[in-house]
There are 2 protein chains.
Amino acid sequence: MTEFNSRRLEIDALRVLWSVRRHGGVTRAAEALGLSQSAVSHKIKRLEVSLDCDLLSRKSGAGMFTAAGEDLLDYAERILGLHDEALLSLTKTPLAGRIALGLTEDTTCTDLARILGRFRRLHPDVAVRTKVRMSLVLRAMLERGELDAAFVQIFAHEVRPTDIVLFREQLYWVKHPDLPLPLSGPIPFLSFDDECFYRQWALDIGQDGDTLFETVFECASAAGIVSAVTSALGVALLNGRHLRPEMEIITNRLPTPPALAYVVRRARKARNPALDTLVAEIENEVSRYGGLTLAS
Amino acid sequence: MTEFNSRRLEIDALRVLWSVRRHGGVTRAAEALGLSQSAVSHKIKRLEVSLDCDLLSRKSGAGMFTAAGEDLLDYAERILGLHDEALLSLTKTPLAGRIALGLTEDTTCTDLARILGRFRRLHPDVAVRTKVRMSLVLRAMLERGELDAAFVQIFAHEVRPTDIVLFREQLYWVKHPDLPLPLSGPIPFLSFDDECFYRQWALDIGQDGDTLFETVFECASAAGIVSAVTSALGVALLNGRHLRPEMEIITNRLPTPPALAYVVRRARKARNPALDTLVAEIENEVSRYGGLTLAS
DNA sequence: TGCCGCGATCGAAATTTGTCATGTGCAATG
DNA sequence: CATTGCACATGACAAATTTCGATCGCGGCA
């Protein structure tokens, strides 16, 4: 009772454990944390030894964690939350002001929500207004000065030095295995709606001569495209998060799709200390965890 | 912004900080934590450096902590609470049962409350019944088997091997400076009520010949005695927690008062796994912090 | 003024933590 | 069924951090 229970947890180890869950594996967690794989492995092992119980269930099959592990993760999450907030509150300068923020639908229910929530708690005198639009619209609003900053998806090669990259992702051509690619004539294309900024890229690639694609389906939500693909209605451009096992990735006959990035982009505008702080917090989070994640 | 804020707190350091407040000083905290004074000093210094702000205000006069320090302590307390609970929850076996517990008034609003609260949260199926009585009464109830365990005050020399000592304290003879001790005749005595177990000790010491004391004031609460002393009504036996600067400690003419101890004492009784666990938790807390504290 | 108690600081020693290199188990593959 | 690839574990060693004992400096106090 004395030796193993008197041993204490350390925040660092909890963060590693948490990162393992978040990134789904020791190796990935290590990458994200900027550590070697063995360091992460060791840290967890030490945690296990000091607690005298297993946390990772090295069984294939079931979940990655043991019951004790899941249990601890619960606490870890709360402790880490407090920890990060404590850190922020120490550097807190009384802020007031107004922030107009643009989000995409994708980003509303993820890490960003947590960060925004915490920000409002720490700085109750800052009025944060958020608008949810598609990336193209948000970019236009930024240009027109209607927003102070926005979370937008752009082509990787469009990233500006002042953007903060939240994470990068790759687009894939996908179709259902049952759908044969027509050897000649247009390929049936499942497209996001007009405002989708990489739909243009897809429609532009067939320009040399005849049209490569024929848009047979148009839908604003990823979920709609996903189900159209699985119904073998046609070919679509999807990012990694939306891939499903039953989808087939097309690697020949079509040009490699461009890489994408989710970034925070600020408006060229007057100083805004409140926004500075918020952006700094996001940067912090990104650098600590090696990017943010979205729910898939 | 990047370098000092990206640095992380560690639970250990927070515990040290907290211990410094709790024990009112670096040196005491070190003792309680079983570390050297320099280790504690260093740990705090490191914390300060990594946060790039002062936590202890080395000024004489005002409080021991800076505003940032107090701020951090707030979070530290919450983080430590979660930490300890996490640790406990990992070793948790589903407990059920019933515990009859005796407390003194002194112990109701201190660390014990925190431990009991946590215990009930972690083991909702254990019914904890508490009774608040004076130490003498509690001891009798223990003997009669009406309680499973009790937190009682006893003479230090009465501590049994099976008792868990929560902390020790010393009694002092005190009076107001304005009150002269009569050179002959009985000394005016301010006494707790009948059930106070060391009142007997005081009344017994005059037995060789005439009565040394005359009880001029009797009150069940320490607050009453304190104000009677400051009103120069007489002489009283008080423990360190109740000493006030304006009181004068009498060191001659009266025998040195006995040392006291607050202990957890269990009834000689059948096994009670729930009680075992609770007692183990208390032992843990005591060994980690070198005793519990009471509000003065 | 000289003596405490308390905390800061320094160098050396001990402990902890991270890395590289390597080993093991498990699946998919030819 | 050997082979390859992947993900994680482990061991040895180097680097960094933490602790300790000793010593110093500072403010109260007799």
Side-chain angles (χ1 to χ4, degrees), chain A residues 3-4 6-66 69 240 245 248-249 288 290, chain B residues 3-4 6-51 53-66 69 240 245 248-249 251 288 290:
Chain A
E3 206 31 83
F4 72 94
S6 72
R7 261 287 175 254
R8 50 224 177 286
L9 306 174
E10 40 176 313
I11 294 205
D12 241 28
L14 294 181
R15 198 182 296 287
V16 166
L17 189 71
W18 188 75
S19 205
V20 167
R21 177 175 66 179
R22 179 203 179 102
H23 293 98
V26 173
T27 307
R28 281 151 212 282
E31 260 168 62
L33 292 166
L35 289 177
S36 69
Q37 172 265 319
S38 61
V40 170
S41 211
H42 268 144
K43 260 200 137 85
I44 297 213
K45 168 62 83 183
R46 277 176 210 132
L47 195 55
E48 289 182 320
V49 168
S50 88
L51 292 172
D52 191 37
C53 71
D54 284 5
L55 298 173
L56 297 188
S57 81
R58 277 81 175 179
K59 320 284 168 198
S60 66
M64 184 169 347
F65 297 91
T66 63
E248 179 185 317
I249 297 178
R288 163 171 289 154
Chain B
E3 205 33 81
F4 71 95
S6 71
R7 262 283 171 260
R8 50 223 172 284
L9 306 174
E10 39 176 312
I11 293 198
D12 239 30
L14 295 181
R15 197 182 296 288
V16 167
L17 189 70
W18 188 75
S19 204
V20 167
R21 176 176 66 180
R22 178 201 179 103
H23 292 98
V26 173
T27 307
R28 282 151 216 278
E31 258 169 64
L33 293 166
L35 290 176
S36 70
Q37 172 263 319
S38 65
V40 169
S41 209
H42 260 143
K43 261 199 138 88
I44 299 216
K45 168 62 82 182
R46 259 178 258 131
L47 197 55
E48 289 181 322
V49 168
S50 86
L51 293 172
C53 72
D54 284 3
L55 298 173
L56 298 189
S57 80
R58 277 80 174 179
K59 320 282 169 199
S60 65
M64 184 168 347
F65 297 91
T66 62
E248 180 185 317
I249 297 177
T251 51
R288 163 170 288 154

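Chain identifiers are assigned alphabetically (A, B, ...) following the order of the sequence lines, protein sequences preceding nucleic acid strands; residue numbering begins at 1 within each chain.
- Following rounding to the nearest Å, B:Asp54 (CG) and C:dA8 (P) show an atom-to-atom distance of 10 Å.
- Between B:Gly34 and A:Leu56, the residue anchored nearer the 5' end of DNA chain D, judged by the nucleotide with its closest heavy atom, is A:Leu56.
- Looking at residues two or more places apart in sequence or on another chain, you find a side-chain hydrogen bond (donor to acceptor under 3.5 Å, both in side chains) between A:Ser38 and A:Ser36.
- Between D:dT18 and B:Lys43, no contact under 4.0 Å exists linking OP1 or OP2 to a side-chain N or O.
- Taking the side chain as every heavy atom from C-beta outward, A:Met64 and A:Val20 approach each other to under 4.5 Å.
- In this view, B:Arg21 and B:Glu77 satisfy the side-chain hydrogen bond (donor to acceptor under 3.5 Å, both in side chains) rule, not counting sequence neighbours.
- Using a 4.0 Å heavy-atom criterion, one finds that A:Glu48 contacts no nucleic acid atom at all.
- Residue pairs meeting the salt bridge (Lys or Arg N to Asp or Glu O under 4.0 Å) criterion with at least one partner in residues 39-50 of chain A, sequence neighbours excluded, are A:Asp12-A:Lys43, A:Glu48-A:Arg58.
- OP1 or OP2 of D:dT18 has at least one side-chain nitrogen or oxygen of B:Arg46 nearer than 4.0 Å.
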What nitrogen or oxygen pairs link the protein and nucleotides 10-16 of chain D at under 3.5 Å?
{"unit_1": "D:dT10", "atom_1": "OP2", "unit_2": "A:Lys45", "atom_2": "NZ", "d": "3.3"}

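- Each of B:Gly24 and A:Val40 lies near DNA chain C, and the nucleotide nearest B:Gly24 is the one positioned closer to the 5' end.
- In this entry the distance linking CD of A:Glu10 with P of C:dT15 reads 17 Å, nearest Å.
- Listed pair B:Arg28 / C:dC6 meets the phosphate criterion, a side-chain N or O lying under 4.0 Å from OP1 or OP2.
- Between A:Ile11 atom CD1 and C:dT16 atom C1' the separation is 18 Å, expressed in whole Å.
- Using a 4.5 Å cut-off on side-chain heavy atoms (C-beta onward), A:Leu47 and A:Val16 make no contact.
- Taking atom CD1 of A:Ile44 as the reference point, atom P of C:dT17 lies 14 Å away to the nearest angstrom.
- Looking at which nucleotide of DNA chain C each of B:Thr27 and A:Leu35 is closest to, the 5′-most match is held by B:Thr27.
- A sub-4.0 Å separation between OP1 or OP2 of D:dT19 and a side-chain N or O of B:Ser36 is absent.
- Residue pairs meeting the side chain to side chain donor-acceptor pair (under 3.5 Å) criterion with at least one member in residues 24-35 of chain B: none, sequence neighbours excluded.
- If you measure from atom CZ of A:Phe65 to atom P of D:dC8, you get 10 Å, rounded to the nearest angstrom.
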